Structure formats: structure tokens, C-alpha cells
Amino acid sequence: AQSVSQHNHHVILSEAASLELGCNYSYGGTVNLFWYVQYPGQHLQLLLKYFSGDPLVKGIKGFEAEFIKSKFSFNLRKPSVQWSDTAEYFCAVISNNAGNMLTFGGGTRLMVKP
Amino acid sequence: SAVISQKPSRDICQRGTSLTIQCQVDSQVTMMFWYRQQPGQSLTLIATANQGSEATYESGFVIDKFPISRPNLTFSTLTVSNMSPEDSSIYLCSARDRASYEQYFGPGTRLTVT
């Protein structure tokens, strides 16, 4: 079945540590890839997106993600996390092989210790 | 970008009753969607709200339980009918921009069924 997988359900880091959150998808066809963030008590917000072109995309707040087509992956990275990055992070995919619906991974809850 | 508002922001309802959630988008968008986020879980697509016609439901969701209306390009409602405690969730309205494929989310409606 077509799906989006996030391997880390909970991540705990200290401030200034580097972050990498994994995301893999199983859709074929043309894909558009997204990372969303949900800060405690707030809206879901778009962090970054990949549609085409340079596979390394930069988003808000120092986040970046790399699309590796051969690995069906779109991992999220940040070189140095801050306490304010504590949130839940969702990877999501739109595929023309899946009716162009936005489908979410299970989410990763990140806690950054001050 | 689109700004999405939802009413009510939260409600506590009795088993067997129905609740209608309203969603307003501040700009004309191509597509509107309704998602559910159960406690501690990711977002699941309930349906696509189609303007002037019946909504398109995902597997596991039916019109009798979740009737949806979309009378124009900027407004939609979702009704949760004959509620049971299992319907306790956050219900989110979402809208997609035709040009950019970016999808925006409302703040959600937190529903508790007792």
C-alpha cells in the first residue's frame, strides 16, 4: 500500500544538537513533498516543500530537507536546534499516483531540552 | 497564502447528538478538505469538499456520518452526526492553492464526546 513513514516517533535532543528526522514514501509517479510543523497549541504550519529542481530545499527557521529519489526519502535536518523547536513534525506527500491527495506520515514529536 | 478560520474552536457534546463545524477561507481556493487528528495520531483525510456537489469521501468515511457542504469557493461545513466517544478528535479544515500546490490548515476544532 502507498504510505508515508516517519521512523522516529519521539526524539529528545539538547539545545545546539543537530537534528535529522527521517521520512520515506512508497508512492510512484510524480511527487510533491512537504514538512509541516505543529507547535504546542498552534496551527499546523508549512515548514518547507519540494516540487522540482534542486533536491536540497531550505525552509523557515533554519530547517532544510533533501529529496533523494533513489531512496524515496525526504529527510528533515537542522544543524543546531533550539528549545523553541519543540514541536511535532509531519512529513507529507502529494502523488499523482494517489489522486493528488495530501497524505501524512505518523509524525515525530521533538523535545529540545534547554 | 490562505488564512483559514474554524468555528467552534472546541466543544463538548453528548453521545447521539450532532455538531456542525464551519470553515472560512480568506481567499478563493481550488480545493477544500476535511481531516481528522485523533489523540496522539497523525492527520487522516476524511473527504474533499466539492463546490456545489457531493463531497468525495475517503475509505472508512461515509456521507451519513460526516455530511459536508461547500456552497461557494471560500466556505465549507462538516457535520459529525450521531456522535460517539470514538469521534473525539481534532477536526481540521484545509485548503489548497491551485497555483502552488501548497496546502494550508485551519486551527482545528477540538471535539470531545461524552
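In what follows, chains are A, B, ... by sequence order, proteins preceding strands, each numbered from 1. Values in this document were obtained by computation on a predicted structure and should not be read as measured data.
- The minimum heavy-atom distance between Gly106(B) and His43(A), with the atom names listed, is C-CD2, 3.7 Å.
- One distance of note links CD1 of Ile94(A) with CD of Glu102(B); it measures 10.0 Å at 0.5 Å rounding.
- The backbone N or O of Gly107(A) sits nowhere less than 3.5 Å from a side-chain atom of Ser42(B) that would complete a donor-acceptor pair.
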Going through the checks in order, is the side-chain contact (heavy atoms from CB on, under 4.5 Å) test met by Arg96(B) and Asn100(A)?
CA-CA 11 Å; Arg96(B) 185 183 297 175; Asn100(A) 285 313; 4.2 Å; yes
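- Heavy atoms closer than 4.5 Å to chain B are found in both the backbone and the side chain of Leu102(A).
- In Ile63(B), the CD1 atom is crowded: over 12 heavy atoms of neighbouring residues, nucleotides or ligands sit closer than 6.0 Å.
- Following chains of ILVMFWY side-chain contacts shorter than 4.5 Å, one cannot reach Leu21(A) starting from Leu56(A), and the two form parts of different hydrophobic clusters.
- Hydrophobic cluster membership differs between Phe105(B) and Phe75(B), with clusters built from Ile, Leu, Val, Met, Phe, Trp and Tyr side chains linked at under 4.5 angstrom.
- Residues Val80(B) and Val62(B) fall into different hydrophobic clusters, defined by Ile, Leu, Val, Met, Phe, Trp and Tyr side chains chained together at heavy-atom separations under 4.5 Å.
- Leu78(B) and Phe61(B) end up in the same hydrophobic cluster when Ile, Leu, Val, Met, Phe, Trp and Tyr side chains are linked at under 4.5 Å.
- For Gln42(A), the CD atom counts as densely surrounded, since its 6.0 Å shell holds more than 12 non-hydrogen atoms of other residues, nucleotides or ligands.
- Contact of Ser94(B) with chain A is not made at all, since no heavy-atom distance falls under 4.5 Å.
- Note that the CE atom of Met31(B) and the CE atom of Met101(A) stand 4.0 Å from one another [nearest 0.5 Å].
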How far apart are the C-alpha atoms of Tyr35(B) and Phe90(A), what are their side-chain angles, what is the distance that settles it, and do they pass the ring pair (Phe, Tyr, Trp, His ring centres under 6.0 Å) test?
CA-CA 14 Å; Tyr35(B) 285 79; Phe90(A) 295 94; over 10 Å; no
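- With chain B as partner, the option from Gln45(A), Gln6(A), Gln38(A), Glu88(A) having the largest number of non-hydrogen pairs under 4.5 angstrom is Gln38(A).
- There is no path of hydrophobic side-chain contacts, each under 4.5 Å, that joins Phe66(B) to Leu92(B).
- Looking at Leu44(A), both its backbone and its side chain come within 4.5 Å of chain B, counting heavy atoms on both sides.
- Heavy atoms closer than 4.5 Å to chain A are found in the side chain of Leu45(B), but not in its backbone.
- Residue contact with chain A, scored on non-hydrogen atoms closer than 4.5 Å, involves the backbone of Ile4(B) exclusively.
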